[in-house]
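Throughout, residue positions are numbered sequentially from 1 according to the sequence presented.
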Amino acid sequence: MWNRKLVCVPAMALLAVATAHAGTVDDLRATLAQLHADQPIGATLDVRSEASSGDKDKPRVTNVQVHFSMHAEDGALQVSYPARLLQRVDKESAAHAKNPDASSPLQSLLGTMDPLMIRSLVNVAPSLLRRLEGATLDSRSDATYGGKPVHLLTFKVPPRVPSENRDDIDHYDGQLRIWVGADGVPVAMSAARHYKGSKFFIHFSFGSSVTMSLRKVGHRLVAEKARFQSSGSGMGNRQHTDIHVALTVETPDKT
């Protein structure tokens with residue numbers, strides 16, 4: 001009888017911990033589901049990028065910075081590029097037409113900052129919910145963010161690889177971290193994935209990461225600052241991109 005009690009106590013403790021963790025994740029999902037982007041919002045974006053590519057000993061490095069604005073209302077999104085920025089695009093296009101080896105970092109950056117990317121910055125909740133699909137809670141701890149107490153939830157995330165390429169992957173790491181404030185609303189997030197593998201005896205590695213500081217604006221969850229990094233290597237070449245975004249909300253916060 002004594003042995004049964006001894007076994008049951010740890011089992012009950014583990015069940016209580018698992019239930020508490022499940023409740024925390026369920027509460028997070030419920031909070032994110034309630035953060036609807038149903039009010040107008042305007043913002044300006046300052047974006048800067050540094051990219052390197054080519055031979056690892058002599059990489060080609062480019063730096064570019066852009067500034068533009070956006071407005072979202074009734075499910076629509078408008079992006080406004082200033083005339084000076086479009087003139088820079090035309091100048092870069094003309095240079096590339098004359099010399100195919102000329103880089104076009106401005107066009108690459110604007111291609112990355114497409115409407116879907118911009119939309120996700122002013123409506124973060126849906127993308128966070130998608131990131132939680134298939135994720136498993138790895139740990140929960142007390143922490144601080146911006147000088148305030150928060151709960152840090154760390155998840156393991158599954159690989160996102162097309163089925164025809166899965167056999168080429170030898171190693172994978174994926175993690176999602178979400179800092180949750182006292183009101184249950186996320187104040188920051190970070191996600192990273194890294195893959196290694198080989199195909200036709202050629203070894204490769206690639207990965208990506210994103211970090212965001214978040215703020216509730218009306219019923220939206222908005223990324224005030226974001227950083228996107230991506231890297232890859234194979235056949236002696238390496239490439240790396242580092243993009244920083246600062247978003248200034250023009251619509252007053254009425255909450």
Side-chain angles (χ1 to χ4, degrees), residues 10-37 116-117 119-163 165-166 168-197 205-217 219-232 241-245 247:
M12 292 176 64
L14 289 174
L15 179 60
V17 171
T19 303
H21 282 186
T24 300
V25 177
D26 289 342
D27 290 343
L28 173 61
R29 291 180 186 273
T31 298
L32 291 173
Q34 293 172 0
L35 292 173
H36 302 292
L116 293 180
M117 172 71 79
R119 184 188 183 198
S120 70
L121 292 173
V122 296
N123 187 21
V124 180
S127 63
L128 263 185
L129 281 171
R130 289 192 292 270
R131 289 182 183 276
L132 285 169
E133 284 293 328
T136 56
L137 184 64
D138 189 40
S139 67
R140 178 184 182 275
S141 60
D142 294 329
T144 58
Y145 188 88
K148 297 181 179 180
V150 297
H151 297 302
L152 173 58
L153 306 179
T154 303
F155 300 85
K156 292 181 179 179
V157 296
R160 306 288 193 222
V161 181
S163 57
N165 296 328
R166 290 173 186 169
D168 302 329
I169 303 300
D170 301 324
H171 178 77
Y172 165 78
D173 287 318
Q175 186 183 75
L176 170 65
R177 297 192 295 173
I178 303 177
W179 288 260
V180 182
D183 59 355
V185 177
V187 297
M189 64 79 66
S190 71
R193 288 190 175 97
H194 186 251
Y195 305 82
K196 288 184 178 180
S205 69
F206 62 93
S208 63
S209 67
V210 55
T211 59
M212 294 183 182
S213 60
L214 308 172
R215 179 165 73 96
K216 186 181 177 185
V217 178
H219 296 290
R220 293 175 179 267
L221 190 60
V222 175
E224 291 189 300
K225 292 184 178 179
R227 184 181 185 183
F228 302 91
Q229 293 181 286
S230 63
S231 60
T241 302
D242 190 358
I243 300 175
H244 294 258
V245 182
L247 189 146

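- Taking 4.5 Å as the limit, every side-chain heavy atom of Phe206 sits out of range of all side-chain heavy atoms of Ser230.
- A distance of 12.0 Å separates CZ of Arg227 from OG of Ser190, quoted to the nearest 0.5 Å.
- Checked against Val180 for a side chain to side chain contact (heavy atoms under 4.5 Å, CB included), the options Val150, Leu153, Asp27 give a single hit: Leu153.
- Among residues two or more places apart in sequence or in another chain, the salt bridge (charged side-chain N to carboxylate O under 4.0 Å, His left out) test is passed with Arg29 by none.
- Counting heavy atoms from C-beta outward, Arg193 and Pro159 have side chains that stay 4.5 Å or more apart.
- The shortest side-chain heavy-atom distance between His151 and Asp142 falls under the 4.5 Å cut-off.
- Contact detail for Arg220 and Asn123: the closest heavy-atom pair is NH1-CB, 4.2 Å.
- Within the 4.5 Å cutoff, the side chain of Leu152 has no heavy atoms near those of the Tyr145 side chain.
- Taking OG of Ser231 as the reference point, atom NE2 of His194 lies at 6.0 Å (rounded to 0.5 Å).
- Atoms CZ and CD, from Phe155 and Gln175 in turn, are 11.0 Å apart once rounded to the nearest 0.5 Å.
- Between Met212 and Phe228, the closest side-chain pair of non-hydrogen atoms falls below 4.5 Å.
- Rounding to the nearest 0.5 Å gives a distance of 9.0 Å between CD1 of Ile178 and CG of Leu214.
- Atom CG of Leu221 and atom CD of Gln34 lie 12.5 Å apart (nearest 0.5 Å).
- Here the side chains of Thr154 and Ser141 are not in contact, with every heavy-atom distance at 4.5 Å or above.
- The minimum heavy-atom distance linking Gln229 with Asp242 is given by the pair CG-OD1, 3.5 Å.
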Sequence neighbours left out, cut at 3.5 Å: what donor-acceptor pairs do the side chains of residues 125-137 make with other protein atoms?
{"from": "Ser127", "atom 1": "OG", "to": "Val124", "atom 2": "O", "distance (Å)": "2.7"}

